[in-house]
Every structure is written in C-alpha cells, then in structure tokens.
Amino acid sequence: MESTKMNGSVLDNKAAGGGGVEDVYGEDFATEDQLITPWTVSVASGYSLLRDPKHNKGLAFNEQERDSHYLRGLLPPSFLSQDLQEKKVMHNLRQYKVPLQRYVAMMDLQERNERLFYKLLIDNVEELLPVVYTPTVGEACQKYGSIFRRPQGLYISLKEKGRISEVLKNWPERNIQVIVVTDGERILGLGDLGCQGMGIPVGKLSLYTALGGLRPSACLPITIDVGTNNEQLLNDEFYIGLKQKRATGQEYAELLEEFMSAVKQNYGEKVLIQFEDFANHNAFELLTKYSSSHLVFNDDIQGTASVVLSGIIAALKLLGGSLADQTFLFLGAGEAGTGIAELIALEMSKQTKSPIEETRKKVWLVDSKGLIVSSRKESLQHFKKPWAHEHEPVKGLLDAVKAIKPTMLIGTSGTGKTFTKEVVEAMSSFNEKPVIFALSNPTSQSECTAEEAYTWSEGRAIFASGSPFDPVEYDGKVFTPGQGNNAYIFPGLGLGLIMSGAIRVREEMLLAASEALAEQVTQENFDNGLIYPPFANIRKISAHIAAKVAAKAYELGLASRLPQPEDLVSYAESCMYSPVYRCYR
C-alpha cells in the first residue's frame with residue numbers, strides 16, 4: 001500500500017496515523033491552510049457526555065449510568081455523591097489565597113459541571129458571592145483578556161451590524177427569558193474596559209440562577225463591542241475586543257436599535273433585557289427610549305435604587321420617625337445617585353400624598369462641581385436638573401454636609417476615601433445615629449470603610465456598603481456592616497417579572513421589591529445592627545420579592561400569565577431551578 005512518511009511516523013493514505021481508524025473527514029491529511037469541517041457528536045453519551053457541562057456529573061454517575069451511557073473506563077471506579085463533590089471543591093477553593101484564582105476556578109467549574117457550580121454557589125452564597133461577583137469580578141474584568149478560556153456569552157460588535165438577528169441565532173439556546181447586556185464603558189468604578197466587561201453579564205446571570213432560580217439555559221450574557229477609549233487596552237496585544245475608539249452618536253444608536261429589535265424578534269415580547277454598566281448618558285437614554293416598548297431594566301439606576309431604599313426603610317426602624325422626616329445628601333449624581341434619589345422621592349410622595357416635586361426638595365446631590373443648586377441649572381445634564389434646589393453655591397462635600405445637615409449620607413461617586421474623618425465627624429455632630437451608605441464598588445472605590453465609619457462616629461453610625469466588609473470591633477462591641485448589594489433585588493425582581501409574564505417594568509414594581517426586602521429583616525437582625533437580612537436566606541427572600549413584584553404586575557394589568565396563582569410565594573418557589581443532579585435512563 002502506498003504510504004507517505006511525515007515527521008518520522010507513517011500515515012496511511014486511507015487511515016489516520018497510529019490507530020488504523022479510517023479518517024472519514026480527512027482531518028489528519030489536511031494541511032494547515034486547507035479547510036476542514038468541525039464535525040461533532042451530538043448524542044450525550046460516552047466522552048461527549050463528560051464534556052457537556054449541563055449533563056456532566058463527574059464521579060457521581062452511578063454503576064447503571066456508566067453502563068448505559070458508555071462511561072465505563074472513562075471514569076475512575078470510585079463514586080462520589082454531589083454533596084461529597086461539593087465538599088471537595090470547597091476544600092480546594094479555600095486553598096487559594098488570591099481571590100482571582102478562586103474566580104477562575106469557579107468559572108472552570110461552571111464550564112465543566114453546571115449543576116455542581118450552582119449547588120456550590122447556593123449552599124455557600126455568603127462565602128462565594130464576593131468571588132463570582134463584586135469585588136472580585138472587577139479584577140476579573142480588568143484581566144479578562146488574560147484569563148479568557150472559552151466564550152461564555154455572545155459578543156456583538158460593529159462588525160455584526162446589519163446581521164445581529166442572525167448572530168443571535170448562533171446561540172445554542174432558543175428559550176431565552178433574561179438577557180444581561182453591557183457595552184463595557186463604565187464597569188463598576190473601574191471605567192471603560194471595553195469588550196472585557198463580559199465578566200459582568202456572566203456574573204449577574206449566574207446570580208439570576210443561584211439566587212433567583214432562573215434556569216441557566218434561559219439566561220444570555222451579551223457584550224456589545226463598539227470599541228474602547230481605554231488607551232491601555234488599545235495598546236494591549238492580547239486585548240480581545242475591537243481595537244478602535246468608541247463609536248458614538250448615530251452609529252451607536254443604530255447598532256443598539258438593531259440589537260433591541262433583533263432581541264424582540266428572536267425571543268418575543270416578554271424577554272427581560274437588563275442594561276448593565278453603560279455610561280451615564282447612554283444608560284438614561286436607553287432606559288427612557290425602550291421602557292415603553294420593551295421589558296427593560298437598568299440595574300445601576302433601578303436595582304441600586306431599590307436595594308438602597310429598602311435599607312433606608314429598614315434603618316428607619318432603628319432611627320424612628322418617617323421617611324419624610326429625613327434629609328438626604330448624595331455624593332455622586334450619576335445613574336446610581338439620581339436613580340436612588342428619584343425612588344426615595346417617589347416613596348416619600350406615596351407615603352405623604354405630596355407631589356413628587358415637593359418631596360425631591362428633601363434630597364440634595366453633590367457632583368464634581370459641588371452642591372447641585374438652581375443657579376447651576378442651565379449647565380446641568382438633563383437627569384440632574386430635578387435636583388437643582390434653591391441654595392447658595394457650595395463647593396466641597398464637607399461644606400455641603402455642614403450646610404444641609406443631612407440625616408443620611410449616601411455615596412455613589414465611584415471614588416474611594418471621599419467620606420473623610422471630618423465628613424463622618426460632622427455627620428455625627430448633629431445626628432445621634434448618622435446613616436452612612438458608602439455604595440461604590442469595588443471595595444477599593446468605597447467612599448469609606450466600615451471600620452472608618454464606626455470608629456469616626458464613635459460606634460453610632462448605621463452603615464452599609466456596596467461591597468462586603470468584615471465585622472468591626474469598636475469599644476468592646478462587634479458591628480456587622482450591611483451590604484447594599486443589588487443581588488438582593490434583581491434576581492427576585494427578574495423572577496417576579498418572568499413568572500407573571502410581565503410585558504413592562506414600572507416604578508411601582510421597584511417600590512414593591514424594596515418593601516418586600518425590608519420586610520425580611522427580622523428583629524434579631526435589627527438587634528445586631530443589620531438593615532439587610534443575611535444572604536444565607538437569599539432564595540427565600542427572592543421568592544418573597546418575586547411574589548410582591550408579580551402581584552404588582554397583575555394589579556397594574558401588565559401580567560400576561562393568567563390566571564394569577566393564588567399563592568404567589570409558593571408559586572415562585574416552585575418555579576426555581578434546582579441544581580441537584582438528575583438520574584439518567
């Protein structure tokens with residue numbers, strides 16, 4: 001038989017080298033510049049089953065499954081239950097000292113064994129939430145190009161303009177219920193990370209499943225790549241996105257319009273689209289433009305607002321008095337700051353029956369140029385104008401605190417160390433229990449630490465932050481800081497919208513979510529100084545939030561799933577995805 005010698009081995013022209021198996025597709029004979037067809041086996045059995053993250057159970061396949069699915073010999077003979085696998089993985093994770101290593105290990109697990117990943121996350125949520133989400137996800141996005149292994153979502157760039165609907169069809173799942181989309185321009189407090197912002201949609205959707213119970217197959221992470229203005233990334237040879245300056249104006253608007261139309265065309269009216277980490281100007285415009293035609297939600301504006309309002313409602317039980325008795329001062333007047341301010345004013349208006357124009361006067365904002373006052377109105381961006389009240393100009397935060405004398409100080413600036421000792425001491429001088437929320441993420445961008453807030457206020461502050469802080473001991477007492485994490489709200493909100501078949505998101509649903517979360521804070525939590533419930537109960541909390549949101553959707557006539565279930569909490573719990581292994585025939 002004629003043969004050809006290559007690199008010391010003999011390859012038969014009709015057979016693959018070494019094994020004598022016929023090379024049906026000619027892959028072994030194709031040169032590097034020849035095209036081959038990437039054939040794959042579609043039956044979930046044998047080796048392919050072990051490489052399928054949805055169905056892989058590792059050493060938890062029992063004897064019968066190993067025989068019926070051709071796994072015999074592909075696995076060691078030992079059997080490990082899912083609980084034992086969980087124990088083993090947690091032990092391994094705890095050996096890592098660097099948080100990013102834990103993040104990479106968790107992402108590897110998600111790509112290898114989906115159910116074990118979610119069981120791990122659900123059962124160890126307080127320990128693993130900071131790993132798969134803030135603060136570690138911020139560092140992961142910064143280094144996403146280096147740790148990128150395989151795609152976990154869809155990348156839609158300017159190259160796909162005109163065929164986005166076609167690109168969406170490349171995603172293997174068809175029954176999508178929630179999409180988290182970013183353009184990477186304002187990732188946490190870290191700025192423009194371009195295409196590397198994909199870590200945010202991936203992280204958010206893992207929480208939709210773990211905390212809100214949505215099926216993983218119903219979740220789709222998307223990054224819209226219109227370029228980046230980050231010079232460091234543009235000069236990085238390993239950067240995974242488009243190496244060009246950001247598209248703006250009409251080019252940007254047309255791409256987003258095509259994307260929104262394609263999503264509705266492919267997945268229907270009831271797919272939830274969550275905008276994530278867009279820059280201020282685009283975030284407000286997109287929410288305003290599409291809230292009347294799509295089921296859209298901006299977590300930075302609306303989710304943050306809802307979770308912070310819940311913390312304020314709970315804090316009032318420690319302070320006494322009503323919402324209308326409080327005066328609020330914000331450092332930061334971007335999408336988070338103005339979103340929270342608007343929801344506070346809306347709730348105050350609802351409680352007092354006063355016009356919202358009046359209740360807004362209880363809320364003051366400081367931006368990079370100082371206190372927002374009416375004399376600055378002409379130069380302000382449109383979303384800041386409602387907060388321009390009558391007052392003499394004030395430059396710095398400390399002077400604003402002294403002038404306004406707020407009862408609650410809320411930081412959404414994205415700039416660390418801005419709640420200085422002087423600011424906290426000033427707050428403490430005219431408040432018996434100053435409420436201080438340092439909400440910027442990640443931890444390095446927090447306006448102050450928990451230890452600083454408790455120490456500088458002499459243990460009197462009611463404190464919450466966006467990223468987690470360890471308990472603080474001051475003057476013989478241990479203070480447990482609250483975490484105003486959006487993960488309390490958006491999974492339950494999303495579940496409520498989807499299980500009711502809601503077609504639009506309304507402010508009343510966000511208020512319902514805030515109230516539902518505040519109701520979950522027990523007296524024991526209050527006694528420990530907590531204004532948010534422990535994350536250990538998050539699935540129960542999410543079910544209650546989902547029930548309140550769904551009830552509001554039915555009340556407003558925006559729910560399409562009829563008839564309305566009698567017990568919405570039980571229905572929400574029954575809708576939740578379970579990560580427990582299934583048995584195979």
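Heads up: numbering here begins at 1 and tracks the sequence.
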Between L233 and K243 the two heavy atoms that sit nearest each other are O-CE, 4.4 Å

### Message
Can you classify the ring geometry of F535 versus Y488 as parallel (below 30°), tilted (30 to 60°) or perpendicular (above 60°)?
### Response
parallel

With a 4.5 Å cut-off on side-chain heavy atoms, are L309 and V307 touching?
no

Here the pair of heavy atoms bringing W171 nearest to R174 is O-NH1, 2.6 Å

message: As a quick check of understanding, evaluate side chain to side chain donor-acceptor pair (under 3.5 Å) for T418 and E447, giving each step before the final call.
response: CA-CA 5 Å; T418 41; E447 285 76 11; 4.7 Å; no

**Q.** Heavy-atom side-chain contact between T228 and Y239 under 4.5 Å
**A.** yes

Could you check R186 against D300 for salt bridge (Lys or Arg N to Asp or Glu O under 4.0 Å), going step by step and ending with a plain yes or no?
CA-CA 10 Å; R186 193 202 61 82; D300 305 302; 3.3 Å; yes

Scanning both residues in full, the closest heavy-atom pair of I176 with V271 reads O-CG2, 3.8 Å

> Are side-chain heavy atoms of Q274 and Y208 found at a separation under 4.5 Å?
Replying inline: yes

Heavy atoms of C219 and L214 approach each other most closely as SG-CB, 4.2 Å

Between A333 and D367, the two heavy atoms sitting closest are CB-CB, 4.0 Å

Do Q110 and E114 pass the side chain to side chain donor-acceptor pair (under 3.5 Å) test, and can you show the C-alpha distance, the side-chain angles, and the key distance before you say yes or no?
CA-CA 5 Å; Q110 188 178 19; E114 191 174 83; 6.0 Å; no

*Hey, what's the ring geometry for W364 with H389, parallel, tilted or perpendicular (30° and 60° as the breaks)?*
perpendicular

* Asked: Stepwise, does the salt bridge (Lys or Arg N to Asp or Glu O under 4.0 Å) test hold for R504 with E269?
  -> CA-CA 9 Å; R504 300 289 180 269; E269 184 86 13; 3.0 Å; yes

Would you sort out whether N266 and S165 count as a side chain to side chain donor-acceptor pair (under 3.5 Å), showing the intermediate values? CA-CA 7 Å; N266 277 271; S165 184; 3.0 Å; yes

Closest non-hydrogen contact found for P201 with P221 is CB-CB, 3.7 Å

